[in-house]
2 protein chains.
Amino acid sequence: MVTIVDVAKHAGVAPSTVSYVLTGKRPISAQTSVRVRESIQSLGYHPHAGARALASSRTNVLALVLPLREGVQLPVVMRFVTSVVSTAREQDMDVLLMTAAQGADGLRRVAGGAGADGFLLMDVGLDDERVQVVRELDRPAVLIGHPAAAAGLTCVDLDFEAAGARCVEHLAGLGHRSIGFLGAPGVVYARNTGYAQRTLAGFSTAAMRRGVVSTALPAEPRYDSVHAVVRTLLRELPQMSALVVHNEAVLGWVVECLRAEGRRVPDDVTLMAICPDELAERMRLTCVRLPADVLGRCAVELLVAKLNGQKTPALTLLPPELSSRTGRAFPSGIPGKLIP
Amino acid sequence: MVTIVDVAKHAGVAPSTVSYVLTGKRPISAQTSVRVRESIQSLGYHPHAGARALASSRTNVLALVLPLREGVQLPVVMRFVTSVVSTAREQDMDVLLMTAAQGADGLRRVAGGAGADGFLLMDVGLDDERVQVVRELDRPAVLIGHPAAAAGLTCVDLDFEAAGARCVEHLAGLGHRSIGFLGAPGVVYARNTGYAQRTLAGFSTAAMRRGVVSTALPAEPRYDSVHAVVRTLLRELPQMSALVVHNEAVLGWVVECLRAEGRRVPDDVTLMAICPDELAERMRLTCVRLPADVLGRCAVELLVAKLNGQKTPALTLLPPELSSRTGRAFPSGIPGKLIP
DNA sequence: GTTCATATTCGAAGCGCTTCGATTCCCCTT
DNA sequence: AAGGGGAATCGAAGCGCTTCGAATATGAAC
């Protein structure tokens, strides 16, 4: 193995000088710097991560804790993960993968054993148990999603409440007076999942404010469930002229179910979704974007800022963006491949 | 931070004794062992990963390299990943996440910098560039999927050729004489992806051997593409009584497209798939299982064996398993949530 | 009581890197 | 010409752990 001492000898300098060239923590003359870099190149030197961590108490690793449980939207998770990995590399960090199943002990082990400098917790619920653990850990953490009380934490999330409201504003602006809402599976609401409840709250409040008639129902990821929900919506809202879908998995079925009930999209019912833009693009649907990649980048950057001792806001909410599309929706389509 | 010296003092022993209790590399008397463990507990000691790596030149980390590109089956990847993480933890290892995008330099950096003890490369193609890199790296690696020449490597894969053949055997056994094959998107075949080509080869060879008429076509993940492929298949094979689908993303559409062409499933056409069992279960379809979790476990165990200096077979092929289901298929259904 | 194997445990030397006073060198000022 | 002030570099200590030869304790054997 090539060590920093080998490089130092090869370049005719002290090991500490090589270290300073690499870290930039002290000024090194341009010529020395060049010479050292050449030695590094020609010897194929790579600093030993463990030794570095030991000496500097910085691992340059961030731990990403994924929730791999029922109801997670795989395409969203994957976009998020790739975004996290590539942003982390830009900051010269690596990513340690953990699952929520590893639990509090896992977090304590990694934090205590200097396995990572900080944590990224995905899909945090309203009353998430992990929040308590994070608070007592001495490592910085960034949460994606946010609990009811975000004080003292650092959370990033799409402003789902605004997203729900945005849908109503958009549709009301087009003249719709009776709007349905087809939401996530029941279990997601029962689990006290922040994003689902907030979206619904934003939707309902905005509907009330605009004097729009509305009804909201959860839908399971089965064709018959979706069909039943659509039928119920049409019964409750006979004048329903628009439908907001906040459930990626069943988006493709909704068009068919509406059609099966004699409503054409968009002629009879205007459909819009809260989902990743690629999915909406494929379905040719207007949507409020679910910006997983922006969230990932944002989360890593906040974590790095915290690692550098900067103060970060307790809650960063990304404003919802509307992505407009006109024309005829596809008859169906849940893409299984969202990663380009 | 609690160090091994603190634990040693608390337990009234030498630091080395604590180390031996933890690693089991030398015999320690039962009573001493108990006393040390109690001290570890009460002090909340976690060994410093970097220090350990430095002293022992073992990181207890495995690097998982994921291909996050077009055409990957997200649910399969996710099941694989969770399986890898949990199996790794059983072996007291952590998982470093890398993407194929980090390329050869990324591998060299992590290997050279002692960031991981070994590598797990997922979705290896027939003529994968990464194979060369792995060969010149001094760290052990396990490949999921296998290149044309596996000599000198350690590969794990489902026996896709046997899987393709198995479908034909099953259907021919039921009396079918004319069988269609609806495959992955064209780009997957063009990319020289091993599993797709092998499945097709196994299918075709078996069809020939059994004297079954067959036609195979790729399908893009769009409804209209699937519809077109189904129409073409029915034109080429007017007597087609069975269809094998090796394309998770469009499985849900196939039933509808067949119906749109006047064929009922399973009355007129027997449908079967090569896909994860959960998906087939949801669709109520017979399938040859895609055992992502078994692959993940197997890959980690092989890697650990290599790390311990054991010899491993160049190629481990999992035999395909048939999962039989009878009855009526669902009219549609691409589940967005495969993680239970 | 002494000796010798056996079973445990100790102690010190590093692993490769960062860090921080100390040192050198050079140029500018008085 | 002597002194002072920076800029660049050096040298050594130490991060927390493993490892290996050495030391100690415990019994058994004589």
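A, B, ... follow the sequence lines: proteins, then strands. Residue 1 opens every chain.
- Between M78(A) and V77(B), the closest side-chain pair of non-hydrogen atoms falls below 4.5 Å.
- Comparing A55(B) and G12(B) against DNA chain C, the residue whose closest nucleotide sits nearer the 5' end is G12(B).
- Ion pairing of D123(B) with R130(B) is absent here, as no side-chain N (NZ or NE/NH1/NH2) approaches a carboxylate O to less than 4.0 Å.
- Side-chain N/O atoms of R26(B) and base N/O atoms of dT9(C) include a donor-acceptor pair closer than 3.5 Å.
- Residue contacts for S16(B): at a heavy-atom cut-off of 4.0 Å it reaches a base atom on one of the strands shown.
- Regarding contacts with the backbone of dT19(D), a side-chain N or O of K25(B) is found under 4.0 angstrom from either OP1 or OP2.
- The distance from atom CG of D6(A) to atom P of dC15(C) is 11 Å, rounded to the nearest whole Å.
- As judged by a 4.0 angstrom heavy-atom cut-off over every strand, S19(A) is placed among the base-contacting residues.
- Here the nucleotide nearest the side chain of A14(A), chosen from dT9(C), dG16(D), dC10(D), is dC10(D).
- Spacing between atom CD1 of I4(B) and atom P of dT19(D) amounts to 11 Å, rounded to whole angstrom units.
- Around the CD atom of Q310(B), the shell of radius 6.0 Å holds more than 12 heavy atoms that belong to other residues, nucleotides or ligands.
- A sub-4.0 Å separation between OP1 or OP2 of dC10(C) and a side-chain N or O of T17(B) is present.
- Spacing between atom CZ of R52(B) and atom C1' of dG16(C) amounts to 18 Å, rounded to whole angstrom units.
- Spacing between atom CG of L22(A) and atom P of dG16(C) amounts to 16 Å, rounded to whole angstrom units.
- A close approach under 4.0 Å does not occur between any side-chain nitrogen or oxygen of Y20(B) and OP1 or OP2 of dA7(C).
- Computed from coordinates, the K9(A) NZ to dG11(D) P distance equals 13 Å when rounded to whole Å.
- Under 4.0 Å is where a charged nitrogen must lie from a carboxylate oxygen, and between D105(A) and R108(A) at least one such pair does.
- In this structure, CG on L143(B) lies 10.5 Å from CG on L302(B), to the nearest 0.5 angstrom.
- Residue V18(A) is out of contact with every strand shown, counting any heavy-atom pair closer than 4.0 Å.
- For L54(B) and dC17(D), the CG to P distance is 12 Å, given to the nearest whole Å.
- I28(A) places its CD1 atom 8 Å from the P atom of dC10(D), with the value rounded to the nearest Å.
- OP1 or OP2 of dT9(C) lies within a sub-4.0 Å distance of a side-chain N or O belonging to T32(B).
- The nearest whole Å value for the distance from the NE2 atom in H48(A) to the P atom in dC15(D) is 18 Å.
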